[in-house]
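Side chains are part of it too, since the values below use all heavy atoms of this structure and drop only hydrogens, waters and symmetry mates. These figures come from a predicted structure and were not determined experimentally.
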Amino acid sequence: MMKYKRRRFSEIPEEFGGNYSPYKHYNAFFRRKERSLWPPMRISMDRCLFGLILVAFFSTLVLAKSALMNTLHDFKSERVLIQVIQQTVVERNNNNMALESTKSKFQNPNIWTKISSDKYYQCINRSRAERRDDTSTNGYLMVHANGGLNQMKTGISDMVAIAKIMNATLVLPSLDHKSYWTDPSDFKDVFNWRHFMEVLKEDISIVESLPPELEAVNHIQMAPVSWSKARYYRGEIAALFKEYRVIKFTRTNARLVNNGLAISIQRLRCRAMYQALAFSDRIVELGNILVERLKNMNSPYVALHLRYEKDMLSFTGCSYNLTEAEDEELRRLRYKTQHWKEKEINSTERRLNGKKNLEPFRKCQNQLAALDNIIALESDVFVYTYDGNMAKAVKGQREFEGFRKTICPDKWNFVRLIDQYDKGLISWESFKSKIKSLHEDRMGAPHLRTIADSPRMEESFYANPYPGCICDKSKDLPISYRTNRRRTW
């Protein structure tokens, strides 16, 4: 079975490990809302910097996703799903014609230019000293991964590292079935569980389930403290194994700090995230079909992550260009939803702060999200409108696989330029020029992960695994950066 290709840096001798190079960090991006609940964007995508290319391919993705959602319940039959995809994806000839049409309108195809990353390489191999050679264990760690697919992936990767820190045996994780999407998928439905255990067998002990003699044994359930350091797990939590043979973590999201961990632990997190947590064979096969269709005849494509969920217009208070009746309908929906705390929202203020989405994003369960993940990873260019869990996970993995082009829109400045254009203050040519200039340095080039006083305010480890899992063979890590790490943690 064809596997989707993982791009890697060139092999570099281990003696270059630990070398780094600083680069400037940028963040912030833009999302803008439509004129009504579900219409096209006010500034049509054919005029947007990347719109001409997105239109040619995004329709294919939407058709395929729609069909997949309607048939996901029959996922046991791979042939049925393959037939659906083949029927709903636009024919190759039509795709080629659309691609040539869009390409001809671009005088400068810089969007497809690859980021220079020759001097960087993946450095996550375990040393002999790091290999597990002792079969003893302090106890069993059960984890319930909460949230959506990408939040669960990062959480499980952290749990692998925590099991290593505590010398605990990890029980195959269980997935969240009760959160927003109420997805019934389990670990074995989404991930290749045998591959997961095989890749990590030299790091930690993993079992498919608790030994029968321990199922009835008294154990403790708890949610570990968010953003905790290694010493919290090595000391306070590991001590619980003296009383309980089994510890169950009820939450896994953001339970480990981004920085200040041993390099061996950081590299283990990356082995878990980027190597061990491979999707199940049937998900990979379906993802390959979609990617192959999008790339037919070696054509490039852009993956645009819109992150639009059900009722998002109402819950974000995004009423820009809506009628008063439509705005009131959204407000009533917020008040009907008891668990939603923010009832009154200033739409104008929120828009100027850039907290809006671009287009509706249909309901996406974990298996469908896995397909999204594959398509986004394999794209020639990835663009995201919201810096959520999927954007962070995909961005980080694309960096890990060679700093593949990832565009982070500057939403704060973008919305102001659009307003200027709407008011006739700047021409279309001036608007395009300013947008290009604004994003010249927002294409996913290498930069050191930023550190802040609070873990919540700094760059996620999984959004940028450099330093830690990516090394620079030509330059050493500056002393100031190493000092910051010691002082911060």
Side-chain angles (χ1 to χ4, degrees), residues 22-34 41-58 102-103 105-117 120 300-308 351-359 376-377 379-388 390-399 401-422 425-450 459-460 463-464 466:
Y23 279 79
K24 187 177 180 180
H25 173 67
Y26 306 90
N27 52 40
F29 43 84
F30 163 74
R31 294 164 289 150
R32 182 178 180 253
K33 199 61 353 232
E34 308 87 340
M41 295 172 57
R42 183 175 181 182
I43 295 183
S44 57
M45 294 296 289
D46 63 326
R47 296 191 307 173
C48 193
L49 177 61
F50 311 113
L52 290 171
I53 294 176
L54 295 177
V55 169
F57 300 103
F58 190 64
T102 56
K103 275 186 174 180
K105 297 180 181 179
F106 281 95
Q107 295 181 351
N108 187 358
N110 285 339
I111 188 174
W112 307 121
T113 304
K114 295 182 179 180
I115 300 294
S116 176
S117 61
Y120 298 93
Y301 73 94
V302 171
L304 173 63
H305 177 53
L306 296 170
R307 202 261 180 183
Y308 205 92
R351 177 176 178 270
L352 291 176
N353 286 334
K355 296 178 180 178
K356 296 267 181 147
N357 301 278
L358 287 178
E359 283 195 66
L377 284 173
S379 65
D380 297 271
V381 180
F382 176 59
V383 185
Y384 58 91
T385 65
Y386 178 78
D387 193 24
M390 177 178 177
K392 287 184 174 70
V394 172
K395 174 179 175 290
Q397 187 157 354
R398 288 175 68 88
E399 288 187 6
E401 293 177 1
F403 293 98
R404 300 166 67 186
K405 184 166 286 186
T406 300
I407 299 176
C408 171
D410 185 344
K411 59 180 181 179
W412 194 91
N413 286 306
F414 206 165
V415 71
R416 282 154 179 79
L417 286 174
I418 288 178
D419 285 345
Q420 291 178 31
Y421 177 75
D422 282 348
L425 300 178
I426 57 175
S427 66
W428 174 246
E429 291 302 320
S430 177
F431 175 80
K432 288 197 300 182
S433 176
K434 290 178 182 294
I435 291 300
K436 289 180 181 179
S437 177
L438 190 63
H439 293 86
E440 283 180 352
D441 296 320
R442 307 178 68 87
M443 300 290 183
H447 66 274
L448 290 172
R449 186 172 60 257
T450 57
E459 193 173 16
S460 165
N464 182 8
Y466 172 54

Atom pair [atom1]/[atom2] of [X] and [Y] - distance to nearest 0.5 Å:
| X | Y | atom1 | atom2 | value |
| --- | --- | --- | --- | --- |
| K114 | D380 | NZ | CG | 8.0 Å |
| L438 | N413 | CG | CG | 5.0 Å |
| M443 | T406 | CE | OG1 | 10.5 Å |
| R404 | S379 | CZ | OG | 6.5 Å |
| E459 | K395 | CD | NZ | 4.5 Å |
| H439 | F414 | NE2 | CZ | 6.0 Å |

Discussion item. Once salt bridge (Lys or Arg N to Asp or Glu O under 4.0 Å) is applied, do any residues pair with E440, and if so which ones, sequence neighbours excluded?
Written reply: none
Practice prompt. Let me see the working for V302 and W112 under side chain to side chain contact (heavy atoms under 4.5 Å, CB included), right down to the final yes or no.
Written response: CA-CA 9 Å; V302 171; W112 307 121; 3.8 Å; yes
So, does [X] use its side chain to make a donor-acceptor pair with the main chain of [Y] at under 3.5 Å?
| X | Y | value |
| --- | --- | --- |
| H447 | A445 | yes |
| R398 | K405 | yes |
| S427 | S430 | yes |

Discussion item. Go through it in stages, so that I can follow the logic: the residues are Y466 and L448, the test is side chain to side chain contact (heavy atoms under 4.5 Å, CB included), and I'd like the CA-CA distance, side-chain angles, deciding distance and then a yes or no.
Written reply: CA-CA 6 Å; Y466 172 54; L448 290 172; 3.7 Å; yes
Discussion item. Run L425 and D419 through side chain to side chain contact (heavy atoms under 4.5 Å, CB included) and show every step you take.
Written reply: CA-CA 9 Å; L425 300 178; D419 285 345; over 6 Å; no
Grab the two heavy atoms, one from [X] and one from [Y], that are nearest each other, plus how far apart they are.
| X | Y | result |
| --- | --- | --- |
| N464 | E399 | OD1-OE1, 2.7 Å |
| K434 | L417 | CD-CD2, 3.5 Å |
| F431 | Y421 | CD1-CB, 4.1 Å |
| R449 | S460 | CD-O, 3.7 Å |

Worksheet item: Does a side-chain heavy-atom distance below 4.5 Å link P446 with I115?
Response: yes
Discussion item. Pair L377, F382 - check side chain to side chain contact (heavy atoms under 4.5 Å, CB included), show working.
Written reply: CA-CA 8 Å; L377 284 173; F382 176 59; over 6 Å; no
